[in-house]
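Here the structure comes first, spelled out in structure tokens, and everything after it is commentary.
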4 protein chains.
Amino acid sequence: MPAFKRLPRAVRERQMLDSAVRVFSRRGYHAASMDEIAEAAGVSKPMVYAYLGTKEELFTACLHREATRLMETVAGAVEPDVPADRQLWNGLRAFFDVVATSREGWTVLYRQARGLEPFAAELADMRSRMVRVVTVLLGRAMAGSGGRATETELEVMAHALVGAGESLADWMTDHPGADPAKTATQMMNVAWLGADRLLGGTSWHPEAGR
Amino acid sequence: MPAFKRLPRAVRERQMLDSAVRVFSRRGYHAASMDEIAEAAGVSKPMVYAYLGTKEELFTACLHREATRLMETVAGAVEPDVPADRQLWNGLRAFFDVVATSREGWTVLYRQARGLEPFAAELADMRSRMVRVVTVLLGRAMAGSGGRATETELEVMAHALVGAGESLADWMTDHPGADPAKTATQMMNVAWLGADRLLGGTSWHPEAGR
Amino acid sequence: MPAFKRLPRAVRERQMLDSAVRVFSRRGYHAASMDEIAEAAGVSKPMVYAYLGTKEELFTACLHREATRLMETVAGAVEPDVPADRQLWNGLRAFFDVVATSREGWTVLYRQARGLEPFAAELADMRSRMVRVVTVLLGRAMAGSGGRATETELEVMAHALVGAGESLADWMTDHPGADPAKTATQMMNVAWLGADRLLGGTSWHPEAGR
Amino acid sequence: MPAFKRLPRAVRERQMLDSAVRVFSRRGYHAASMDEIAEAAGVSKPMVYAYLGTKEELFTACLHREATRLMETVAGAVEPDVPADRQLWNGLRAFFDVVATSREGWTVLYRQARGLEPFAAELADMRSRMVRVVTVLLGRAMAGSGGRATETELEVMAHALVGAGESLADWMTDHPGADPAKTATQMMNVAWLGADRLLGGTSWHPEAGR
DNA sequence: AATGAATGAGGTTTCATTCAT
DNA sequence: AATGAATGAAACCTCATTCAT
């Protein structure tokens with residue numbers, strides 16, 4: 001079943017990436033074969049190699065595209081002049097939105113890549129950037145509260161928050177009906193308020209004056 | 001290069017598992033070859049197949065052994081008659097201890113397995129058990145505080161906490177000097193107290209009367 | 001030693017089947033290696049797998065091709081409006097012709113397959129069809145002779161005839177100079193002269209005075 | 001499960017051969033593993049090697065034992081002073097008796113070995129001896145009937161008869177209820193009625209108006 | 001621009017077979 | 001006398017990758 005029409009390169013590339021993401025998600029990096037990807041894209045294998053290169057390069061390309069999509073969405077949700085907690089909530093909601101929307105895209109590739117050299121390194125990098133952003137956010141919040149946590153402590157906190165976020169992203173993947181905004185709020189209740197207060201009855205809400 | 005001596009089965013099996021964990025960790029499941037594992041164990045390939053079975057079964061065996069080691073250590077650290085926060089801290093410290101001690105053993109296998117069918121399913125199971133334990137813990141804590149979170153909310157909280165723990169385990173893997181007890185405390189500060197209070201200067205400490 | 005030229009699939013497939021039949025005949029199913037078959041066809045192993053599939057499938061393909069060749073030749077020799085004995089002779093001669101012509105093709109594969117799961121079952125099927133055809137032929141002959149053999153007796157007779165045919169096919173394989181037509185006649189002299197009398201009502205009995 | 005007692009060599013050997021025949025007939029020569037055979041005999045593998053040698057030698061041993069059993073039974077059924085037809089019937093009945101009694105033995109001998117180098121050669125030998133016996137029998141019968149078949153013609157007849165016998169043996173294998181004596185009679189009805197006339201001088205010819 | 005044809009390389013798995021106890 | 005421990009060798013199969021058309 002050859003491609004029906006000669007299409008401009010950009011379109012073809014998009015088709016291939018779409019197929020690649022789908023196949024990689026379903027089968028996993030190693031079990032996915034270039035054959036299957038090419039077929040899924042309705043193209044012959046040499047085309048894939050001509051346009052996107054090696055299997056490794058192709059996977060990297062998938063990773064990049066999905067990562068960019070995620071990062072940009074989150075970045076677009078930022079409102080710089082808002083309190084730190086609200087900023088965090090905004091970012092979380094955007095993050096959960098993306099995850100819920102393109103389940104195949106992000107989560108699965110992410111899960112794959114984290115355990116798979118030579119992609120793990122790259123992923124770790126991206127994760128570091130996220131942690132850094134959160135760290136800065138926490139730093140700003142602290143500046144307005146008179147706290148005195150060390151830089152390392154802030155970093156550890158940020159790691160914990162990012163991990164919690166990832167974990168809930170996974171949870172959403174398994175609960176298709178879950179609402180991103182609500183999940184973001186629930187996470188804020190743990191992360192921001194703390195289990196102690198939360199369990200005691202206090203609760204955090206995005207619309208609260210703070 | 002024949003094995004140096006005839007050893008009883010139990011010994012050889014342990015050697016093989018050790019080597020397998022090491023090789024799987026370094027190379028990743030797919031890139032690891034049975035050849036390399038056998039050689040690392042100082043044994044010929046057929047021995048590996050005779051004692052531990054297929055590559056898949058071998059990996060599963062590694063997973064099981066490391067998971068058991070982890071679970072038992074954590075379970076052994078539990079002190080049932082202690083307040084919930086302290087219990088959580090105990091568990092966390094034990095968890096971080098194991099991770100820091102056998103870096104190759106757990107973290108890497110865990111990272112691998114989570115993105116790799118047919119292991120992901122089994123791992124997900126184990127993770128579910130962990131989440132359940134934490135959920136129960138939270139429920140008990142709430143019972144003593146008069147809160148009114150729903151079951152689902154508790155579960156989401158538990159997911160967040162587990163994710164944060166995993167994330168910090170990763171962080172420890174990259175920071176060999178880190179102290180498990182201290183890391184556990186830091187995580188409690190986020191998870192139990194909440195970022196808000198923490199940043200404001202309050203802090204949680206394992207020895208505090210509560 | 002790469003293939004000399006790029007050839008269309010149909011051609012290559014034929015070459016491969018030819019080689020496979022030859023190698024399977026010489027070495028036997030298990031002793032034959034895909035490597036040797038590929039080399040004999042002047043092709044690399046992956047081509048064999050790409051075009052003809054698994055070793056089992058390849059053997060089945062060989063069996064099918066040779067069986068078809070045989071069946072069609074025999075079927076082509078049938079003249080429906082001729083007396084039963086003549087029809088039988090026609091079929092036999094055609095059968096011996098094929099066997100004598102492609103010695104490697106049929107007999108050897110047939111011998112192999114009869115003792116080899118999972119091919120035996122299929123072969124048994126084909127043999128059953130042959131027996132059935134002969135049974136019908138005998139039934140028609142009896143109808144014109146007033147005999148009264150039971151259905152089972154006819155079937156046993158047919159089995160005996162088919163076995164005799166196979167045996168003589170083997171004999172021909174070992175006597176390259178033998179003439180198919182003459183052999184067919186000789187077999188008729190045993191088989192038909194007996195069948196004829198039997199179908200006509202005469203019968204032999206162990207206790208008879210002779 | 002080691003053998004329960006130290007047994008004399010002869011007994012052990014018999015056990016092993018029994019198991020070997022059973023396993024070979026169930027699995028086929030190649031699919032049968034020495035492991036399985038040893039286990040089936042309740043003995044360790046080195047014992048099998050010590051007593052019966054290589055796999056090839058073991059199979060040959062099976063072949064020999066079963067062949068001997070068959071030959072001796074048939075030979076024991078001969079009554080030299082009886083007419084040729086009755087002698088043939090006696091032999092056939094004994095033959096079918098053995099086959100019906102030890103189905104597994106027959107399977108190993110014929111279905112397997114006939115298509116399998118290096119055993120086929122040996123089997124062919126045994127078969128030759130059978131053919132020779134039948135040929136002689138036919139010759140004697142002819143001498144008493146005034147026929148004039150050539151030596152080759154007799155041999156061809158013998159081949160046909162042996163083939164028919166084998167085929168009916170197979171048929172019996174698939175019809176466990178069948179009666180050896182009756183089957184022998186049925187085969188005589190085809191084979192002998194024909195041979196009888198043929199040896200008496202009548203002959204069939206394709207061009208005969210019939 | 002696009003593809004059918006082709007392969008090198010490597011991995012898992014299974015056996016028959018033998019030591020050393 | 002008997003066996004658990006051990007291995008060399010080889011088979012099947014699959015894949016990423018590239019020519020030649």
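In what follows, chains carry the letters A, B, and so on, assigned in the order in which the sequence lines appear, proteins first and then strands, with residues in each chain numbered from 1.
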- prompt: Counting side-chain heavy atoms from C-beta on, which of dA6(E), dA11(F), dC13(F) comes nearest to Ser44(C)?
  reply: dA6(E)
- request: Flag the pair Asp170(C) and Arg111(C) as a salt bridge only when some basic side-chain nitrogen lies within less than 4.0 angstrom of an acidic carboxylate oxygen.
  value: yes
message: Just N and O in the side chain of Arg12(D): are any of them under 4.0 Å from OP1 or OP2 of dA1(F)?
response: no
query: Would you say the side chain of Lys45(B) and the base of dT7(F) hold a donor-acceptor pair, judged only by whether the two atoms sit under 3.5 Å apart?
result: no
5′-ward residue of the pair Ala10(C)/Asp35(B) relative to DNA chain E: Ala10(C)
query: Between dT17(E), dT17(F), dG11(E), which nucleotide gets closest to the side-chain atoms of Lys55(B)?
result: dG11(E)
- request: Please check the phosphate of dA1(E) (OP1 and OP2 only) for any side-chain N or O of Tyr51(A) closer than 4.0 Å.
  value: no
task: Taking the six-membered ring of Tyr29(B) (Phe, Tyr or Trp), confirm whether the NZ or CZ of Lys55(B) is under 6.0 Å from its centre and within 45° of its axis.
output: yes
statement: dT21(F) -> Watson-Crick or G-U wobble partner, both distances under 3.5 Å, gives dA2(E)
message: Does the plane of the ring in Phe24(A) sit parallel, tilted or perpendicular to the ring in Phe59(A)? Use 30° and 60° as the thresholds.
response: perpendicular
Length of the line joining Glu36(D):CD and dA16(E):C1', which is rounded to integer Å: 15 Å
- request: Counting heavy atoms from C-beta on, name the nucleotide in dT14(F), dA6(E), dC12(F) closest to the side chain of Arg6(C).
  value: dA6(E)
- request: Take atom CG of Leu7(C) and atom C1' of dT7(E), then tell me their distance rounded to the nearest Å.
  value: 15 Å
field: Candidate nucleotides dT14(E), dT7(F), dA11(F), ranked by approach to the side chain of Tyr49(B) - the nearest
entry: dT14(E)
message: Over all strands shown, is Met34(B) touching base, sugar-phosphate only, or nothing at heavy-atom distances under 4.0 angstrom?
response: sugar-phosphate
- request: Quickly work out the Glu56(D) CD to dC15(E) C1' distance and round it to whole Å.
  value: 15 Å
statement: Pro46(C) has its side chain closest, among dC12(F), dC15(F), dA16(E), to dC15(F)
query: Between atom CZ in Arg27(D) and atom P in dT14(E), what is the gap in whole Å?
result: 14 Å
query: Just how far, in rounded Å, is C1' of dC15(F) from OH of Tyr29(A)?
result: 11 Å
- prompt: Taking atom P of dA5(F) as reference, at what distance in whole Å does atom CZ of Arg14(B) sit?
  reply: 14 Å
Interatomic distance, Glu122(B) atom CD to Glu117(B) atom CD [nearest 0.5 angstrom]: 11.0 Å
- request: In whole angstrom, give the distance that lies between atom CZ of Phe59(A) and atom C1' of dA16(F).
  value: 16 Å
message: Taking any heavy-atom pair under 4.0 Å as a contact, classify Ala32(C): base, sugar-phosphate, or nothing.
response: sugar-phosphate
Cation-pi, Tyr51(B) ring and Arg9(B) (6.0 angstrom, 45 degrees): yes
- request: Measure the distance from CD1 on Ile37(B) to P on dT12(E) and round it to the nearest whole Å.
  value: 8 Å
field: Residue Met47(B), side-chain heavy atoms: nucleotide from dT7(F), dT3(E), dC12(F) that is nearest
entry: dT7(F)
task: Decide side chain to side chain contact (heavy atoms under 4.5 Å, CB included) for Val48(D) and Met34(D); before the verdict, give the C-alpha distance in whole Å, the side-chain angles of both, and the deciding distance to 0.1 Å.
output: CA-CA 8 Å; Val48(D) 178; Met34(D) 293 299 270; 4.0 Å; yes
